[in-house]
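Worksheet for the structure shown next.
Hydrogens, waters and symmetry mates are skipped; everything else that's a heavy atom, side chains included, is used. In this text, all values refer to a predicted model and were calculated from it rather than measured experimentally.
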Amino acid sequence: VQLQASGGGSVLAGGSLRLSCAASGSIFRINHMAWYRQAPGKQRDLVASITMGGSTFYVDSVKGRFTISRDNAEKTVDLRMDSLTPEDTADHYCAAAKGWATPDAESYTYWGPGTQVTVSS
């Protein structure tokens with residue numbers, strides 16, 4: 001399974017960005033897909049996840065601002081980010097897991113390269 005993320009960039013606080021992740025290869029049994037982020041000097045943390053059936057999870061800091069969506073036919077997962085703040089600045093990573101996954105990054109098997117999101121005040 002290969003994951004390719006796109007859509008990062010630089011915005012002012014209050015702005016919006018949309019990240020997109022395209023999966024290719026043998027995606028049979030891929031259930032959870034997620035977006036993680038890692039700020040400089042910090043650990044990689046879950047932002048949001050979505051199951052094959054469309055059940056979503058968001059960390060508290062992004063609830064009401066971010067929306068994760070998935071198109072199983074197109075093999076894509078998107079992250080719509082609104083009301084961005086400088087605290088959202090980080091490299092963002094798309095991840096996929098066979099079966100069920102927990103918020104722990106180790107439960108995700110496949111990772112795409114990071115895409116940078118920079119929010120300035």
Side-chain angles (χ1 to χ4, degrees):
V1 176
Q2 293 80 44
L3 303 174
Q4 184 62 50
S6 61
S10 298
V11 295
L12 295 175
S16 298
L17 283 173
R18 187 179 191 94
L19 305 183
S20 185
C21 175
S24 61
S26 179
I27 65 169
F28 179 64
R29 294 182 182 173
I30 292 294
N31 183 21
H32 268 97
M33 295 191 75
W35 286 95
Y36 279 74
R37 65 186 179 188
Q38 187 169 19
K42 296 187 177 181
Q43 68 181 20
R44 188 174 296 187
D45 291 325
L46 177 67
V47 176
S49 66
I50 186 168
T51 67
M52 176 73 78
S55 296
T56 58
F57 172 84
Y58 299 92
V59 296
D60 287 345
S61 61
V62 307
K63 283 181 180 177
R65 300 189 299 124
F66 291 12
T67 303
I68 190 169
S69 60
R70 179 172 178 168
D71 187 325
N72 292 324
E74 295 295 326
K75 305 174 189 177
T76 59
V77 59
D78 291 351
L79 184 69
R80 171 74 181 187
M81 304 183 294
D82 295 316
S83 303
L84 285 161
T85 73
E87 287 70 37
D88 295 315
T89 295
D91 283 329
H92 285 65
Y93 297 86
C94 177
K98 290 184 177 180
W100 288 98
T102 70
D104 189 338
E106 292 187 358
S107 66
Y108 285 83
T109 305
Y110 306 104
W111 292 86
T115 183
Q116 176 70 36
V117 171
T118 302
V119 185
S120 55
S121 58

Measuring from atom CD1 of Ile30 to atom OG1 of Thr109, what distance do you get when rounded to the nearest 0.5 angstrom?
7.0 Å
Before giving the answer on side chain to side chain contact (heavy atoms under 4.5 Å, CB included), spell out for Leu17 and Val117 the whole-Å C-alpha distance, their side-chain angles and the decisive distance to 0.1 Å.
CA-CA 8 Å; Leu17 283 173; Val117 171; 3.8 Å; yes
If you measure from CZ on Arg44 to CD on Glu106, what distance do you get to the nearest 0.5 Å?
11.5 Å
Student check: side-chain heavy atoms of Lys42 and Arg37 closer than 4.5 Å:
no
So, Thr67 side chain and Arg80 main chain: donor-acceptor pair closer than 3.5 Å or not?
no
As a quick check of understanding, evaluate side chain to side chain donor-acceptor pair (under 3.5 Å) for Ser6 and Gln4, giving each step before the final call.
CA-CA 7 Å; Ser6 61; Gln4 184 62 50; over 6 Å; no
Roughly how far apart are Ser24 OG and Leu3 CG, rounded to 0.5 Å?
7.5 Å
Find out whether Tyr108 and Tyr36 are in side-chain contact, i.e. whether some heavy atom of one side chain is under 4.5 Å from a heavy atom of the other.
yes
Any Lys98 side-chain heavy atom under 4.5 Å of Asn31 side chain
no
Heavy-atom nearest pair, Asp71 first then Glu74, reads OD1-N, 2.9 Å
How long is the span from the CG atom in Leu12 to the OG1 atom in Thr118, to the nearest 0.5 Å?
11.5 Å
Do Met52 and Val1 share a hydrophobic cluster (ILVMFWY, side-chain heavy atoms under 4.5 Å, transitive)?
no
Evaluate the side-chain proximity of Asp88 to Met81: yes if any heavy-atom separation is below 4.5 Å, no if none is.
no
For residues Ser107 and Ala97, report the shortest heavy-atom separation together with the two atoms involved.
O-CB, 3.5 Å
Mind listing the closest non-hydrogen atom pair of Asp82 and Ser16 along with its distance?
OD1-OG, 2.7 Å
Do Leu19 and Tyr93 touch side chain to side chain, with heavy atoms closer than 4.5 Å?
no
Residues Ile68 and Tyr58: closest non-hydrogen pair is N-OH, 2.9 Å
Of the non-hydrogen atoms in Val77 and Ile50, which two are nearest, and what is the gap between them?
CG2-CG2, 3.9 Å
Is there a side-chain contact between Cys94 and Trp111 in this structure, where contact means two heavy atoms from C-beta onward sitting under 4.5 Å apart?
no
Ignoring hydrogens and angles, tell me if any N or O in the side chain of Asp78 forms a donor-acceptor pair with the backbone of Arg18 under 3.5 Å.
no
Would you give the length of the straight line joining atom CD of Gln116 to atom NE2 of His92, rounded to the nearest 0.5 angstrom?
8.5 Å
With a 4.5 Å cut-off on side-chain heavy atoms, are Glu87 and Val119 touching?
no
Are any of the side-chain heavy atoms of Thr51 and Phe57 separated by less than 4.5 Å?
no
Testing the basics here: between Arg65 and Ser83, what is the closest heavy-atom pair and its distance to 0.1 Å?
NH1-O, 2.9 Å
